[in-house]
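Each ligand, and each atom within it, is numbered from 1 in the order the structure gives. Atom set for the values below is all heavy atoms of this structure, side chains included, hydrogens, waters and symmetry mates excluded.
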Amino acid sequence: MDDPAIGETLVAKEDLQRRVGELGREVSRDYAGRELVMVGVLKGAVLFLADLMRHIDVPCEIDFMAVSSYGSQTDSSGVVRILKDLDASIENRHVLIVEDIIDSGLTLHYLMRNLRARNPASLEVCALLTKPERLRVDLSPRYIGFEIPNRFAIGYGLDHAQRHRNLDFVAALVE
Ligand code: IMP
Ligand code: MG
């Protein structure tokens with residue numbers, strides 16, 4: 001692709017496919033004998049969630065939340081607004097939050113607190129990407145796809161100004 005905004009590849013297509021398969025098998029093993037509710041965080045997690053669930057062989061449902069975090073375009077503030085809430089109750093359900101990327105961790109920290117208050121049977125996180133250098137809160141996601149350097153990432157669901165989500169690999173944005 002010759003779009004000048006698309007910089008170096010951070011995670012290649014083949015690596016995404018392999019790792020998503022591994023994560024799906026790991027989730028299936030860990031949740032054997034249980035029913036799972038996968039909560040996708042819109043919009044970035046949509047591609048990851050769709051691919052991940054093809055590798056999950058325990059009974060599972062999906063639901064979605066949309067949140068917006070106040071702050072500048074590239075820095076979240078930790079103040080999060082729910083734009084779309086879950087359709088169904090998660091009380092006594094095994095919930096796995098599926099996120100595209102953990103940057104400061106503030107969004108997920110808020111989301112976990114919010115969902116934990118609804119008394120799920122269990123609550124875990126599966127994030128495709130993390131930027132360990134940027135993490136500002138204490139989070140221990142159960143499943144992580146890849147650690148990436150402190151670059152703004154686009155592709156495979158991740159956007160910059162709503163674009164580039166359709167790339168089948170993850171690239172660094174050229175700013
Ligand atoms: P946090 O609250 O700082 O962890 O930011 C989390 C949210 O910001 C993610 O769910 C993404 O939607 C967005 N975000 C953070 N870093 C990136 C990036 O490198 N590319 C695209 N979106 C990002
Ligand atoms: Mg997101």
Side-chain angles (χ1 to χ4, degrees), residues 1 3-13 15-17 19-20 23 27 37-53 62-86 90 95-118 120 123-175:
M1 209 160 316
D3 185 327
I6 303 170
E8 77 182 78
T9 298
L10 296 178
V11 188
K13 176 182 175 179
D15 295 325
L16 283 172
Q17 289 175 342
R19 186 72 185 122
V20 171
L23 288 170
V27 169
V37 181
M38 300 170 76
V39 172
V41 185
L42 294 172
K43 306 168 187 166
V46 164
L47 277 72
F48 176 40
L49 176 61
D51 286 343
L52 181 66
M53 72 183 300
I62 52 174
D63 206 340
F64 291 99
M65 279 184 90
V67 296
S68 85
S69 96
Y70 292 103
S72 68
Q73 234 195 336
T74 51
D75 269 298
S76 72
S77 60
V79 183
V80 174
R81 191 160 56 107
I82 294 179
L83 304 176
K84 184 223 170 287
D85 207 340
L86 298 175
I90 55 167
V95 176
L96 181 63
I97 302 176
V98 180
E99 241 303 29
D100 53 356
I101 187 164
I102 302 173
D103 186 52
S104 69
L106 289 165
T107 304
L108 202 53
H109 188 256
Y110 167 87
L111 212 53
M112 298 225 23
R113 207 160 21 120
N114 184 287
L115 295 185
R116 202 173 283 120
R118 306 182 195 191
L123 181 65
E124 300 289 350
V125 172
C126 178
L128 179 67
L129 306 171
T130 62
K131 294 180 197 169
E133 275 176 61
R134 297 264 303 171
L135 196 61
R136 285 172 52 196
V137 292
D138 187 27
L139 276 182
S140 36
R142 175 92 172 253
Y143 309 95
I144 298 279
F146 299 91
E147 294 188 347
I148 62 166
N150 184 12
R151 305 282 297 278
F152 196 85
I154 53 173
Y156 197 64
L158 291 104
D159 73 303
H160 177 250
Q162 301 301 328
R163 290 196 52 206
H164 309 299
R165 296 191 196 273
N166 53 316
L167 299 177
D168 59 7
F169 58 100
V170 176
L173 176 76
V174 176
E175 289 174 273

Should you measure from each heavy atom of [X], which atoms of ligand 1 turn up under 4.0 Å away?
| X | result |
| --- | --- |
| Thr107 | 1 (P), 2 (O), 5 (O), 6 (C) |
| Glu99 | 10 (O) |
| Gly105 | 1 (P), 3 (O), 4 (O) |
| Asp159 | 21 (C) |
| Arg151 | 19 (O) |

4.0 Å heavy-atom contact, Leu108 with ligand 1
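The answer is no: ligand 1 sits nowhere under 4.0 Å from a heavy atom of Leu108.
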
Cys126 and side chain to side chain contact (heavy atoms under 4.5 Å, CB included): which partner among Ile144, Leu52, Ile97?
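Among Ile144, Leu52, Ile97, the one that satisfies the side chain to side chain contact (heavy atoms under 4.5 Å, CB included) with Cys126 is Leu52.
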
Which option wins on minimum heavy-atom distance to atom 1 (P) of ligand 1: Ser68, Ala45, Ser104?
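That would be Ser104.
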
Give the single entry among Arg165, Lys131, His164 that approaches atom 16 (N) of ligand 1 most closely by any heavy atom.
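That would be Lys131.
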
Please check: side-chain N/O of [X] versus main-chain N/O of [Y], any donor-acceptor pairing under 3.5 Å?
| X | Y | answer |
| --- | --- | --- |
| Lys131 | Arg151 | yes |
| Arg19 | Gly145 | yes |
| Lys84 | Val67 | no |

Are Tyr156 and Asn166 close enough, and set up right, to give a side-chain hydrogen bond (donor to acceptor under 3.5 Å, both in side chains), and what steps lead you there?
CA-CA 6 Å; Tyr156 197 64; Asn166 53 316; over 6 Å; no

Asp168 vs Leu16, side-chain contact (heavy atoms from CB on, under 4.5 Å): CA-CA, chis, key distance, verdict:
CA-CA 9 Å; Asp168 59 7; Leu16 283 172; over 6 Å; no

Taking heavy atoms and a distance under 4.0 Å, where does Leu158 meet ligand 1: side chain, backbone, both or neither?
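Just the side chain.
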
May I ask you to check whether over 12 heavy atoms, not counting those of Asn150, lie within 6.0 Å of atom CG?
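It does: Asn150 CG has more than 12 such atoms within range.
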
